[in-house]
Amino acid sequence: MTSASLQRMKEPDVNSPLTLRDIARQAGVSLATVDRVLHNRPGVRPDTVRRVKETIARNSFQPHVAGAELARGRARRFAFVMPSGPNLFMQQIQSYLGEMSGWLSARRLAVEIVATDVFDASVLASSLEALAGEYDGVAIVALDHPGVRAAINDLVDGGAKVVTLVSDVPSSRRHYYVGIDNIAAGRTAGALVGRLVGPRSGKVAIVAGSQGLRDHAERIFGFNQVMAAEFPGLDVLPVLEGRDEDERSERLMSRLLGKHPDIVGLYNVGAGTQGVAKALIDSGREKQVVFVGHDVTTLTRKLLLQGVMDAAISQNPGHEARAAVRVLLALARGEPILSEQEKIRIDIVMRDNLP
């Protein structure tokens, strides 16, 4: 059993929030000039006004916000509880959090990553319990389990603002969910598999990380809805659980392909994509089996270009990272959440429209 590991991100330096002096230095002007621009006073050349405003926009600098955060006397601390292991999509979210260093610093925010086994309810619950009293806000990629639900509720009772990220626990008292509509994502995958298979009959395989993850369970539910209602000639096989691990997913998929030579469709619900793809390629059936998965990563991009993968249901990891931080900050400040701004969109990506 792997214990949670805590890693403080190198940025931002929360003891040095962005100031007007920083803006002046970056724009190459005096502090007095920045002040004139902010208050729309005359005497500043248009080109200088433009340069100062571009610097302010680039840093997402808000003078009144920076002043208010500085007056608090301490930085706010947010924890992001993320899956351990080589999940490329989750790594993208962490990378985007790192890119927000200037924005975070201006608001006196510290973001820390807690890497843990989100597939093991007891490990995840223990990781959450260890955060009690340490953070102003917590974003969690969560397993829908009674023990995890109780740990989330305890964090809320202790005063922390809690959002679930990517995978929800709606029966908990979490404050907000940041992620896509996973039932709709599963239905989209079902429609793609069914229509791309066409008039052929046969079996369809599903590989998930865990049905205990709400996002995976909801995607499977939506997928099966469409299969049953619209494609009765396709027989959906029992779900394989690969824990988003490449080796495990490859082993399970290889065994399934050997047992069922009439598999015509494949839906990979989470990660473990490299293992699933390798099993398909090794079987020599990558051109016969319609393969739909999730997220645009360096790996899925390659598989789409090779024609191994037919489509990816995409969600924007940068949007999710930014939305989670913005929601936690709004909750901590008691400000309204702009729900339309934080809504995560579902995209269908194929080889011909790769971003």
Side-chain angles (χ1 to χ4, degrees), residues 89 182-211 213 215-297 299-314 346-354:
F89 177 74
N182 284 293
I183 293 178
R187 289 184 61 87
T188 302
L192 285 168
V193 169
R195 291 171 188 174
L196 290 173
V197 166
R200 292 182 292 165
S201 61
K203 296 184 175 67
V204 175
I206 301 177
V207 182
S210 168
Q211 294 182 79
L213 285 169
D215 60 328
H216 289 201
E218 289 183 344
R219 292 173 188 178
I220 294 165
F221 177 78
F223 185 86
N224 284 329
Q225 274 187 323
V226 171
M227 286 288 112
E230 299 182 23
F231 305 103
L234 297 176
D235 179 21
V236 180
L237 295 168
V239 177
L240 303 176
E241 293 193 347
R243 291 176 57 92
D244 283 352
E245 297 170 2
D246 289 328
E247 290 185 8
R248 181 183 175 93
S249 298
E250 178 188 350
R251 184 170 64 252
L252 292 171
M253 193 65 215
S254 294
R255 190 180 305 153
L256 195 71
L257 287 165
K259 185 177 179 181
H260 298 282
D262 57 343
I263 289 177
V264 293
L266 166 61
Y267 176 36
N268 188 42
V269 178
T273 312
Q274 182 170 319
V276 172
K278 187 174 187 306
L280 195 58
I281 293 168
D282 288 349
S283 73
R285 294 156 67 183
E286 70 274 17
K287 301 301 181 183
Q288 288 77 48
V289 176
V290 172
F291 179 12
V292 173
H294 279 264
D295 305 320
V296 177
T297 65
L299 174 63
T300 56
R301 179 183 294 273
K302 179 180 177 182
L303 294 173
L304 286 166
L305 289 171
Q306 291 174 338
V308 175
M309 196 170 180
D310 294 277
I313 311 299
S314 177
I346 297 170
D347 293 315
I348 299 171
V349 177
M350 305 178 80
R351 177 170 59 186
D352 302 299
N353 72 332
L354 270 171

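If you read the sequence from its start, that first residue is 1, and numbering goes on from there. Any value given below was found using the heavy atoms of this structure, including those in side chains, with hydrogens, waters and symmetry copies removed.
No side-chain heavy atom of Val269 sits under 4.5 Å from any side-chain heavy atom of Phe223. You'll find the side chain of Thr273 stays beyond 4.5 Å of the side chain of Thr297, heavy atoms only.
Remark: the backbone N or O of Ala189 is not paired with any side-chain donor or acceptor of Arg219 at under 3.5 angstrom. Remark: the backbone N or O of Asp295 is paired with a side-chain donor or acceptor of Thr300 at under 3.5 angstrom. A donor-acceptor pair is defined here as one N or O able to donate and one able to accept, closer than 3.5 Å; such a pair exists between the side chain of Asp310 and the backbone of Phe291. The backbone N or O of Ile348 lies less than 3.5 Å from a partner atom in the side chain of Asn353, making a donor-acceptor pair. Looking at Ser249, its side chain never comes within 3.5 Å of a backbone N or O of Asp246 through a donor-acceptor pair. Put simply, the side chain of Glu241 gets close to the backbone of Gln211: a donor and an acceptor are under 3.5 Å apart. Arg251 places no side-chain N or O within 3.5 Å of a backbone atom of Gly242 that could act as its donor or acceptor partner.
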Exercise for the section: Step by step, work out the side-chain contact (heavy atoms from CB on, under 4.5 Å) result for Leu252 and Val207. Expected result: CA-CA 9 Å; Leu252 292 171; Val207 182; 6.0 Å; no
Exercise for the section: Starting from the C-alpha separation in whole Å, work towards a yes-or-no answer on side-chain contact (heavy atoms from CB on, under 4.5 Å) for Arg301 and Val296. Expected result: CA-CA 6 Å; Arg301 179 183 294 273; Val296 177; 4.0 Å; yes
Exercise for the section: Give the intermediate values and the outcome of side-chain contact (heavy atoms from CB on, under 4.5 Å) for residues Val239 and His216. Expected result: CA-CA 11 Å; Val239 177; His216 289 201; over 6 Å; no
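Nearest heavy-atom pair, Ala205 versus Leu256, reported as atom, atom and distance to 0.1 Å: CB-CD2, 3.5 Å. When all heavy atoms of Ala311 and Leu304 are compared, the closest pair comes out as N-CD2, 3.7 Å. Across all non-hydrogen atoms, the minimal contact from Val290 to Val193 is CG1-CA, 4.1 Å. In plain terms, the two heavy atoms of Ile263 and Val289 that are nearest each other are O-CG2, 3.4 Å. Between Asp244 and Gly209 the shortest heavy-atom distance is OD1-CA, 3.4 Å. Smallest separation of non-hydrogen atoms from Gly190 and Val226: C-CG1, 3.8 Å.
A distance of 8.5 Å separates CD1 in Ile281 from NZ in Lys287, rounded to the nearest 0.5 Å. The distance from the CG atom of Asp215 to the CD1 atom of Ile220 is 9.5 Å, given to the nearest 0.5 Å. Here Ile206 contributes atom CD1 and Met227 contributes atom CE; the two are 8.5 Å apart, rounded to the nearest 0.5 Å. A distance of 9.5 Å separates CG in Leu266 from CG in Leu240, rounded to the nearest 0.5 Å. Atom-to-atom distance recorded for Gln274:CD and Glu245:CD is 13.0 Å, nearest 0.5 angstrom. Taken to the nearest 0.5 Å, the CD atom of Gln225 stands 10.0 Å off from the CD atom of Glu230.
Counted within 6.0 Å of NZ on Lys203, heavy atoms from surrounding residues, nucleotides or ligands total more than 12; the atom is thus considered enclosed. For Arg200, the CZ atom is densely surrounded, since the number of other residues' heavy atoms within 6.0 Å is greater than 12. In Glu247, the CD atom is not crowded: 12 or fewer heavy atoms of neighbouring residues, nucleotides or ligands sit closer than 6.0 Å.
Ring orientation note: the planes of His294 and Tyr267 are tilted relative to one another, at an angle of 30° to 60°.
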